[in-house]
Every structure is written in structure tokens, then in C-alpha cells.
S.K.: 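Below you will find the structure I want to go over with you.
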2 protein chains.
Amino acid sequence: MLTALEERALHDRLGALAPISPKTWKAIVALGLRMSLAKGEYFSQPGEKATRFAVVISGLLRHYYLDAAGKESVKAFRGPMELSGPYAEIIQGRPSRTFIEALTAAELFVFEVAEVDTAAESSLELQRLFRRFVEVQFVAKEQREYEFLLLTAEERYRQFCASLPELLQHIPQHQIASYIGITPVALSRIRGRGRGRGKGQ
Amino acid sequence: MLTALEERALHDRLGALAPISPKTWKAIVALGLRMSLAKGEYFSQPGEKATRFAVVISGLLRHYYLDAAGKESVKAFRGPMELSGPYAEIIQGRPSRTFIEALTAAELFVFEVAEVDTAAESSLELQRLFRRFVEVQFVAKEQREYEFLLLTAEERYRQFCASLPELLQHIPQHQIASYIGITPVALSRIRGRGRGRGKGQ
DNA sequence: GTCGCGCGTTAACCCGGGTTAAGAACGCGA
DNA sequence: TCGCGTTCTTAACCCGGGTTAACGCGCGAC
């Protein structure tokens with residue numbers, strides 16, 4: 001299902017988390033299913049039972065909540081070799097409450113949790129790899145908690161620019177605003193302030 | 001090191017996450033070290049290398065950051081049978097940046113990550129248990145992200161009261177305020193608003 | 001007892017961000 | 001080419017929460 005190049009990239013990425021024997025690698029590749037999304041399509045939506053997650057092969061996805069008033073709140077952007085899917089809801093066995101939308105055309109390598117879980121029942125390597133994957137997610141969320149607790153909106157924006165500069169070109173500003181927890185208008189003002197004092201762009 | 005009662009409680013708690021064979025259980029108990037903290041003592045502080053985590057046997061702990069201006073920001077409160085420790089920093093192999101303080105006298109069951117990790121190298125059960133433990137942490141952080149993104153300060157406070165009512169009696173309000181990301185003054189105002197319209201306490 | 005201190009409350013003032021609305025720049029399909 | 005939608009910006013006004021400060025309370029140390 002994957003090209004040799006893609007398989008190589010995925011192997012390198014997962015191998016960086018935990019050692020993977022050839023046998024385990026075969027199992028992983030056999031469990032995944034390739035999937036294409038056109039720009040604007042959804043990988044997952046609230047209401048569906050949360051049973052699948054994916055590794056992004058190419059393209060860019062956006063995870064977001066939608067509240068009763070219709071306001072979108074962006075949880076995450078996910079690019080190549082990153083995890084996508086309503087992972088917290090999968091763990092809890094609950095219906096998803098997050099939208100996952102392709103911001104660009106995207107290729108995914110999709111897994112059914114139940115299948116991966118079953119395979120992991122007899123594979124220490126898979127358990128460990130799983131664990132590391134969740135650890136990465138956990139650290140990311142804790143970093144985000146840190147930023148919401150300690151930083152002002154302006155500092156969160158600077159931090160975003162510093163740590164995810166590739167995304168600045170490809171994502172509309174109102175989605176970045178939502179990601180850092182403010183409105184598009186407020187972000188525009190913050191950018192305006194910075195522009196006055198040198199710091200172009 | 002643990003009383004029979006404590007061991008029983010710990011076994012029940014961990015067993016709810018993933019099945020544990022008697023052999024694995026022996027290993028876990030052998031790896032842990034009991035530790036007592038007096039009220040006000042610290043289990044972990046920034047600067048120390050982050051190598052230990054613990055399960056709380058009894059008592060109440062507080063995890064918090066301290067910024068350059070001296071402001072404390074509370075990350076979490078942890079009670080009996082919950083995980084404590086600078087877990088994100090342990091995963092990253094970085095020095096801790098969080099304070100972990102005993103709000104009451106507390107008993108902990110402490111593990112050295114390196115030792116547990118080594119033991120898990122040959123135990124699928126331990127890997128799986130580990131993974132589940134991290135998953136629980138991850139879900140909690142994602143819930144917190146949700147609350148910061150979608151809820152107002154007042155709604156976060158109501159949510160806190162609803163989901164952790166036991167803590168209301170034991171924790172000073174300025175620490176609760178910090179936990180939900182506002183100042184003590186603001187929390188007092190919020191409580192004042194509620195008091196006017198019935199809702200005692 | 002009383003002194004001090006940490007805690008919660010209240011009030012006054014300030015400011016950052018929300019809200020609403022209008023307009024400019026751009027892309028895109030008819 | 002025109003028209004429409006989307007994105008970004010700017011301005012005006014409002015409000016929630018931050019800041020500072022004063023006051024009262026309960027409690028432990030002495």
C-alpha cells in the first residue's frame with residue numbers, strides 16, 4: 001500500500017521512538033490501510049464512534065472542536081509523520097467530539113485500534129512503540145497547558161511562530177488565532193503591534 | 001514496604017488499567033520504595049534531574065510551575081492512587097521544571113524510571129500497564145486543553161466544583177484560582193456573582 | 001492575651017481581548 | 001470582466017479579568 005519511499009520514512013520515524021524488528025515492521029505495514037483525502041474532506045467527525053487513527057504520510061490536517069454557538073476551536077495541526085485521529089476519545093471508548101479536516105490534499109496510513117490492540121497483545125515491541133507514541137502526545141499537551149497557564153496571548157503567538165514556522169505560510173490566520181485561544185481580530189492587533197517596532201512579516 | 005491494605009488498593013487500581021499476573025505484581029512491588037512527606041515538603045523540584053515518579057498512597061500533592069516573576073501556576077492536584085512526578089520531563093530526559101509539594105502529610109510509593117524501564121524491557125504486561133498509565137495522563141491533559149479553549153473562567157470553576165468536589169474543602173482558593181488560570185481576586189468575584197443568585201457555598 | 005500572617009473579600013482603576021461593523025486586497029468561477 | 005466569498009485589517013465600544021490596596025477574619029506562636 002505504501003511506496004518504498006514512504007515506507008522508509010515511516011520506518012525511520014517509528015524507529016526513532018522505539019526499536020522495531022523486521023517481524024514487527026511487517027505486522028505494522030500489514031495492519032495499515034492507505035487513504036487519500038481531498039482538501040476539505042474529513043478523516044473523522046463527532047458522532048462517529050472513534051475507532052481509527054492514522055499517521056499522516058503527506059499533507060496537513062487540522063483537529064478542532066465546534067461549540068454550541070458554532071465557534072471552532074483548533075486543537076492541533078498535524079503534518080507528515082505525525083499522528084492524527086480522535087485519540088483521547090478512542091482511549092476512552094467514547095464517541096468522537098473532534099473534527100479532523102484535511103487543509104490540503106493528504107495521504108494517510110490508517111489503523112483500526114482494535115486490530116492494532118489485538119496485535120499488541122502478543123508483541124512487546126508494539127506495546128512499547130504504542131507507549132512511546134502516547135508519551136509524545138502527552139508531552140505536547142502538557143506543553144500546551146504550560147503555555148495557556150503562563151503566557152499571554154502575544155507570547156503564545158510568538159512561541160507559535162518560533163516553533164512551527166512552516167505552518168505560517170500554509171494556514172489562514174484565523175485558524176492560528178483559534179489555536180492559541182484568541183479571536184482573529186485580536187491576533188491581527190497583536191501582529192500590528194509587532195509590526196510597528198521593526199519585526200517585519 | 002506497603003501494608004497489605006495498601007498493596008491491595010494499589011493492585012486494584014493498576015489492575016483496572018490492565019491485567020497483571022502475580023509474577024508482574026511481585027516485580028512492581030519490589031521496584032517501588034515507600035516514602036513519607038510531611039506537609040509542605042517537596043517530592044520534586046526544578047533543577048533536579050527528573051528520574052522518579054510515584055503513586056500517591058495517601059495525602060494530597062500539588063504540581064505547579066513558578067515563573068520568573070514569582071507567580072505560581074498550578075498544573076494538577078493529585079490524591080490517593082494517582083500518579084505524581086515530573087512525568088513530561090522524565091519522558092523528555094530533561095531537568096524538571098515543576099514543583100511537587102505535599103499539601104498534607106503524604107505517603108508515596110516511588111519508582112526510578114530507569115529501573116522500571118529496564119524491567120519493562122522483558123515484560124509485555126509492564127509495557128502495557130505503562131502505556132495505559134500514560135494514556136490516562138494524556139486524556140486528562142486533553143480535557144484541560146478543551147476547557148481552556150472553550151470555557152470561560154466561570155465555567156471552568158463550575159466544572160472544577162462539579163468534577164473535584166472533594167478538593168474544595170481541602171485546598172485554599174487561591175490555588176484553585178491558579179489551577180483554572182485566573183487570579184484569586186477574580187475567583188472571589190466569580191463566587192460572589194454565584195452567591196447572589198441562590199447557589200450557596 | 002496579642003501580635004503577626006495567610007487567607008478571602010471588596011472596591012477602584014486599568015487594559016487586553018471580545019464584539020460588531022466596515023472596508024481593502026485577493027482569488028476564483030461564471 | 002464582473003461578482004462573490006474569504007481573509008485580513010482597522011476602528012469603536014464593551015466587559016471580564018488583572019492589579020493594587022484596604023479591611024476583616026481565624027489561627028498559631030509567643
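Note that these values count all heavy atoms, side chains included, but never hydrogens, waters or copies made by symmetry. Chain letters run A, B, ... following the sequence lines, proteins first and then strands; every chain starts at 1.
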S.K.: Are any of the side-chain nitrogens in B:Glu135 or A:Arg131 under 4.0 Å away from the carboxylate oxygens of its partner?
M.R.: no
S.K.: Between the side chains of B:Glu155 and B:Gln159, is a donor N or O closer than 3.5 angstrom to an acceptor N or O?
M.R.: no
S.K.: B:His174 side chain N/O closer than 4.0 Å to the phosphate oxygens (OP1, OP2) of C:dG8?
M.R.: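 So the side chain of B:His174 is within the cut-off, an N or O lying under 4.0 Å from OP1 or OP2 of C:dG8.
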S.K.: Would you call B:Val134 and B:Tyr87 a side-chain contact if the rule is heavy atoms closer than 4.5 Å?
M.R.: yes
S.K.: In this structure, are over 12 heavy atoms from other groups packed under 6.0 Å from A:Arg34 atom CZ?
M.R.: yes
S.K.: With no hydrogens and no angle check, do the side chains of B:His170 and B:Thr104 hold a donor and an acceptor under 3.5 Å apart?
M.R.: no
S.K.: Contact between B:Lys26 and B:Thr24 at the side-chain level, heavy atoms closer than 4.5 Å - yes or no?
M.R.: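 In short, these two side chains do not touch, never coming nearer than 4.5 Å.
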S.K.: In this structure, which one of B:Phe148, B:Tyr64, B:Phe77 forms a ring pair (Phe, Tyr, Trp, His ring centres under 6.0 Å) with B:Tyr179?
M.R.: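 Going through B:Phe148, B:Tyr64, B:Phe77 one by one, the ring pair (Phe, Tyr, Trp, His ring centres under 6.0 Å) with B:Tyr179 is satisfied by B:Phe77 alone.
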S.K.: Which angle, rounded to 10°, do you find between the first-five-pair axis and the last-five-pair axis of the helix from C:dG1-D:dC30 to C:dA30-D:dT1?
M.R.: 30°
S.K.: Using only side-chain N and O atoms of A:Gln173, determine if any of them is under 4.0 Å from OP1 or OP2 of D:dT6.
M.R.: no
S.K.: To the nearest Å, how far apart are A:Leu168 CG and D:dT7 C1'?
M.R.: 15 Å
S.K.: Quick one: which protein N/O atoms are closer than 3.5 Å to N/O atoms of nucleotides 15-24 of chain D? Pair and distance per line, please.
M.R.:
residue, atom, partner, partner atom, Å
D:dG17, OP2, B:Arg193, NH2, 3.3
D:dG18, OP2, B:Thr183, N, 3.2
D:dG18, OP2, B:Thr183, OG1, 2.8
D:dG18, N7, B:Arg189, NH2, 2.8
D:dG18, O6, B:Arg189, NH1, 3.0

S.K.: Assess whether a salt bridge exists between B:Glu72 and B:Arg62, defined as any Lys/Arg side-chain N lying under 4.0 Å from an Asp/Glu carboxylate O.
M.R.: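 Salt bridge present between B:Glu72 and B:Arg62.
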S.K.: Could you check whether A:Arg97 makes a cation-pi contact with B:Tyr146, meaning its NZ or CZ is under 6.0 Å from the centre of the six-membered ring and within 45° of the ring axis?
M.R.: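 Positive - A:Arg97 is close enough to the ring of B:Tyr146 and near enough to its axis.
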S.K.: Between B:Ser188 and B:Gln173, is there a side-chain donor-acceptor contact under 3.5 Å, judged purely by atom types and distance?
M.R.: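 No - no donor-acceptor pair under 3.5 Å links their side chains.
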S.K.: When you check the side-chain N and O atoms of B:Arg191 and B:Tyr157, is any donor under 3.5 Å from an acceptor?
M.R.: yes
S.K.: What string of B, S and - do you get for nucleotides 25-30 of chain C, 5' to 3', if B is base contact, S is sugar-phosphate-only contact and - is no contact with any protein heavy atom under 4.0 Å?
M.R.: ------
S.K.: What is the distance, rounded to the nearest whole Å, between atom CD of A:Gln175 and atom C1' of D:dT6?
M.R.: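 Between C1' of D:dT6 and CD of A:Gln175: 12 Å.
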S.K.: Less than 4.0 angstrom between a side-chain N/O of A:Arg191 and OP1 or OP2 of D:dT9, yes or no?
M.R.: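 For D:dT9, OP1/OP2 do have a side-chain N/O of A:Arg191 under 4.0 Å.
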